[in-house]
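Below is one structure, written out as structure tokens, with a few remarks after it.
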Amino acid sequence: MADPVRMCVGCRAHAPKKELIRIVRTPDGQIVADAKGKTPGRGAYICRKAECLQKARKNRALERMLAASISPETYDALEAAVTEEHG
Ligand SMILES: [Zn+2]
């Protein structure tokens with residue numbers, strides 16, 4: 001069976017889910033990077049690249065996708081998570 005494919009909110013390229021990182025708005029309103037893909041809540045996917053997060057930050061695609069406003073501190077934390085060592 002093929003891997004599920006998701007679209008990056010930054011570059012809008014499609015890629016297998018496992019190559020992307022999921023960003024979730026949790027039920028209590030936190031915006032977190034979900035490395036395991038198990039956190040409940042509304043999610044968006046993004047490539048593991050700082051440039052994709054920066055694009056999504058600039059055009060607010062991530063905020064639209066999650067229907068939430070995202071603080072600069074949260075973006076910084078997400079960028080760190082996105083660019084973390086793979087695996
Ligand atoms: Zn991307």
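Here, residue 1 is the first one in the sequence, and each next residue gets the next number. Note that ligands are numbered from 1 as they come in the structure, with each ligand's atoms numbered from 1 the same way.
Under the side chain to side chain contact (heavy atoms under 4.5 Å, CB included) test applied with Leu53, the options Ile21, Val9, Ile23 reduce to a single match, Ile23.
Taking 2.8 Å as the limit, the number of protein N, O or S atoms around the Zn ion (ligand 1) is 4.
A donor-acceptor contact shorter than 3.5 Å links the side chain of Arg64 to the backbone of Asn59. Asp76 places no side-chain N or O within donor-acceptor distance of the main-chain N or O of Ala80, the cut-off being under 3.5 Å. The closest donor-acceptor contact from the side chain of Glu79 to the backbone of Ala50 lies at 3.5 Å or more, if one exists at all.
Considering every non-hydrogen atom in both Ala44 and Leu62, the closest pair reads CB-CD1, 3.7 Å.
With respect to the salt-bridge test (charged N to carboxylate O, under 4.0 angstrom), the residues Asp3 and Lys17 do not qualify.
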